[in-house]
Structure formats: structure tokens, C-alpha cells
Amino acid sequence: MIIKINLFPPYSIIVKQKKINLEVKGTSASLKDVIKEFIKKYPEVKDLVPCVEDRDRVYGNLVPVRNGKVVFLNEEIFENDVIDFYGSLSGG
């Protein structure tokens, strides 16, 4: 299946694209599976999302959004879903 991902900094800068189509096996997958495939296809982002098993480490670096809502790691993603990958925001 194909998942459409809109990339925002720092992901768009590292991948050098603002939109990608990511192929994931099956008719649905968890967000965790999508992130694993993203890292497999673009290993240069591995430093930003070093461990997809640790929720805090994922959401500390990546804010995945679908239809205006944050997507949880075990939430199902389906063919042609569009997900936005934002970098986390911090500041003082």
C-alpha cells in the first residue's frame, strides 16, 4: 500500500523533499510500521527517531498528524492516508 507523507523541517531538509509516497506491505499498518519503513528508506533520519519502540523518544522528535490529529504509534494507517511529519517544537 502507498502512504502519502508531507515532510516538514527537519525531515524535509534531510530527505530533500516535501512530499513522499512510502510503500508499506499489507492493506493496513500501524504508525510504528510506517515509521520503520520511513527509516529503512531514508536511513539518514535514524538519528532523529532512534527507537520506534519508545513512545517518548518518537514523540520527542516527531509529531505525526493525520486529519489535524496526532497519530498514535499503534494506530492503523490505511492505503492513501496522508500523514504530516513535523519536527518537535521546543523553546523557551
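All values reported here derive from a predicted model rather than from experimental measurement.
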Aromatic ring proximity, centroids under 6.0 angstrom, Tyr11 and Tyr42: no
Side-chain contact test, heavy atoms from C-beta onward, threshold under 4.5 Å: evaluate it for Tyr86 versus Val70 and give yes or no. no
For Pro64 and Leu31, which heavy atoms make the closest approach, and how far apart are they? CG-CD2, 3.5 Å
At what distance, to the nearest 0.5 angstrom, does NZ of Lys41 lie from CG of Asn21? 7.5 Å
So CZ of Arg66 and CG of Asn6: to nearest 0.5 Å the spacing works out to 13.5 Å
First locate atom CG of Asp47, then atom CG of Asn61, and finally report the distance between them rounded to the nearest 0.5 Å. 10.0 Å
Does any non-hydrogen side-chain atom of Phe8 lie less than 4.5 Å from one of Val63? no
Spacing of NZ belonging to Lys4 relative to CD1 belonging to Ile83, to within rounding of 0.5 Å: 12.0 Å
What's the separation between atom NZ in Lys32 and atom CZ in Phe72, rounded to the nearest 0.5 Å? 14.0 Å
I'd like to check Val45 versus Val15 (side-chain heavy atoms, cut-off strictly below 4.5 Å). Are they in contact? yes
Of all the heavy-atom pairs spanning Gly87 and Pro10, show the shortest one and how long it is. CA-CD, 3.6 Å
Can you find a heavy atom in the side chain of Ile35 that is under 4.5 Å from one in the side chain of Val49? yes
Student check: side-chain heavy atoms of Val34 and Ile5 closer than 4.5 Å: yes
So do the side chains of Thr27 and Met1 get within less than 4.5 Å of each other, counting heavy atoms only? no
Would Ile3 and Phe38 satisfy side-chain contact (heavy atoms from CB on, under 4.5 Å), going step by step from the backbone distance to the final call? CA-CA 10 Å; Ile3 306 298; Phe38 178 62; over 6 Å; no
The reported gap from NZ in Lys19 to CG in Leu7 (rounded to nearest 0.5 angstrom) is 10.5 Å
Check whether any side-chain N or O of Glu79 sits under 3.5 Å from a backbone N or O of Ile2 as a donor-acceptor pair, and report yes or no. yes
